[in-house]
Amino acid sequence: SIDISEIKKTPISWVNRIDSITDYDTELTLLDFINFMTDSKIKKKRLLEILLTFNLLEKNLKKKIKHTPQEDFKAVCLAISLADNYQNIVIYDFIRNEKKKFELNFNQILREKLKEGKAILYLTTDLFYACQIADRISFLKNGYLMPENPILYEDIKEMDVMKLYKQFLS
């Protein structure tokens with residue numbers, strides 16, 4: 001599990017929300033982008049393993065970013081972030097507005113990381129999605145965790161999500 005006070009002291013993999021691929025150099029190929037963002041063969045091997053989960057093969061990586069579907073670009077960004085293999089992973093609202101298949105592949109990767117003993121902190125405004133994947137839930141209100149100790153999944157599944165929201169955020 002993640003001790004929030006320890007995050008500053010240890011390296012983390014940060015996976016940020018991507019709203020548009022136009023924010024990136026669209027003349028690069030996906031492979032050029034990967035080579036620019038990764039520095040070791042070991043990291044590239046882990047990255048390619050993650051991309052296989054999304055059925056992205058090396059031939060797909062030769063496309064220019066501007067000709068790439070956004071979900072493929074997001075898969076590459078996710079793979080780059082997770083290829084570092086750090087113990088702690090922080091993900092910010094990564095699957096917003098994605099297709100169900102992408103979400104299922106993303107959830108599969110999260111489950112694999114959990115089996116490897118990684119700690120995942122998923123930050124989202126989508127409480128319904130969080131309840132599907134979380135083993136614990138907390139809320140942020142004015143910069144503070146509410147409740148201070150996260151609610152365990154066993155307790156969450158017995159609760160009404162709207163009641164949780166009203167209890168801690170209203």
Side-chain angles (χ1 to χ4, degrees), residues 1-4 6-138 140 150 153:
S1 69
I2 292 181
D3 177 350
I4 301 295
E6 293 296 313
I7 285 182
K8 292 179 184 177
K9 299 176 187 174
T10 60
I12 62 169
S13 293
W14 177 262
V15 182
N16 202 2
R17 182 175 71 212
I18 297 169
D19 292 320
S20 172
I21 62 172
T22 58
D23 296 338
Y24 297 85
D25 183 352
T26 57
E27 291 299 317
L28 286 175
T29 66
L30 287 173
L31 192 57
D32 293 335
F33 184 69
I34 289 168
N35 288 332
F36 176 74
M37 297 298 287
T38 56
D39 55 356
S40 73
K41 288 181 181 180
I42 294 169
K43 186 174 177 178
K44 284 180 187 165
K45 182 178 183 280
R46 284 194 302 261
L47 184 145
L48 292 173
E49 289 169 359
I50 293 168
L51 290 179
L52 285 176
T53 303
F54 290 94
N55 294 318
L56 271 175
L57 308 174
E58 281 196 59
K59 67 179 181 178
N60 302 94
L61 302 179
K62 294 180 179 159
K63 291 181 187 176
K64 287 189 176 184
I65 292 174
K66 68 181 177 183
H67 300 300
T68 301
Q70 182 155 332
E71 70 180 30
D72 289 354
F73 183 69
K74 284 181 85 167
V76 167
C77 292
L78 175 67
I80 289 169
S81 297
L82 296 181
D84 281 320
N85 209 25
Y86 293 138
Q87 183 60 35
N88 296 322
I89 301 168
V90 178
I91 303 169
Y92 174 63
D93 224 3
F94 190 72
I95 63 159
R96 180 184 297 227
N97 301 324
E98 287 303 327
K99 296 175 185 161
K100 192 65 175 174
K101 183 177 181 195
F102 186 89
E103 181 182 324
L104 293 172
N105 290 335
F106 177 71
N107 290 349
Q108 178 183 341
I109 290 170
L110 288 184
R111 283 191 295 278
E112 289 169 8
K113 293 297 176 186
L114 288 170
K115 284 180 188 173
E116 294 171 13
K118 307 294 185 211
I120 299 172
L121 177 61
Y122 191 88
L123 307 170
T124 185
T125 56
D126 186 346
L127 189 56
F128 295 103
Y129 177 71
C131 286
Q132 293 175 31
I133 62 167
D135 64 346
R136 290 165 291 162
I137 289 199
S138 284
L140 282 177
Y153 173 74

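Here the structure is a predicted model, which is why all the values come from computation and not from measurement.
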With rounding to the nearest 0.5 angstrom, report the [atom1] to [atom2] distance, [X] to [Y].
{"X": "Ile50", "Y": "Lys45", "atom1": "CD1", "atom2": "NZ", "value": "11.5 Å"}
{"X": "Thr53", "Y": "Leu48", "atom1": "OG1", "atom2": "CG", "value": "11.0 Å"}
{"X": "Leu82", "Y": "Ile109", "atom1": "CG", "atom2": "CD1", "value": "7.0 Å"}
{"X": "Gln70", "Y": "Cys77", "atom1": "CD", "atom2": "SG", "value": "9.5 Å"}
{"X": "Leu110", "Y": "Leu78", "atom1": "CG", "atom2": "CG", "value": "8.0 Å"}
{"X": "Asn35", "Y": "Leu30", "atom1": "CG", "atom2": "CG", "value": "11.0 Å"}

Side-chain donor-acceptor distances from residues 56-65 under 3.5 Å, at least two apart:
{"residue": "Asn60", "atom": "OD1", "partner": "Leu57", "partner atom": "N", "Å": "2.9"}
{"residue": "Lys64", "atom": "NZ", "partner": "Glu27", "partner atom": "OE1", "Å": "3.1"}

Begin with the C-alpha distance, continue with both residues' side-chain angles, and end with the deciding distance and a verdict on side-chain contact (heavy atoms from CB on, under 4.5 Å) for Asn107 and Glu103.
CA-CA 6 Å; Asn107 290 349; Glu103 181 182 324; 3.9 Å; yes

**Study point:** Side chain proximity check, Ile91 to Lys113, heavy atoms < 4.5 angstrom
**Key:** no

Taking the side chain as C-beta and beyond, is there a heavy-atom pair between Arg111 and Gln108 under 4.5 Å?
yes

| request: Take Thr68 and Val76 through the test side-chain contact (heavy atoms from CB on, under 4.5 Å) and record every step on the way to the result. | output: CA-CA 11 Å; Thr68 301; Val76 167; over 6 Å; no

task = Could you walk me through whether Asn88 and Leu121 pass side-chain contact (heavy atoms from CB on, under 4.5 Å), step by step?
result = CA-CA 8 Å; Asn88 296 322; Leu121 177 61; over 6 Å; no

Residue pairs passing the ring pair (Phe, Tyr, Trp, His ring centres under 6.0 Å) test with at least one member in residues 39-67, sequence neighbours excluded, are Phe54-Phe102

Minimal heavy-atom distance between Asp32 and Leu28, with the atoms involved, is CB-CD2, 3.7 Å

Q. Does a side-chain N-to-carboxylate-O contact under 4.0 Å join Arg46 and Glu49?
A. no

Practice task
Salt-bridge test for Lys115 and Glu112: reply yes if a basic N is under 4.0 Å from a carboxylate O, no otherwise.
Solution key: no

Legend entry - Audit row: Lys43, Asn85, side-chain hydrogen bond (donor to acceptor under 3.5 Å, both in side chains) steps and yes/no: CA-CA 8 Å; Lys43 186 174 177 178; Asn85 209 25; over 6 Å; no

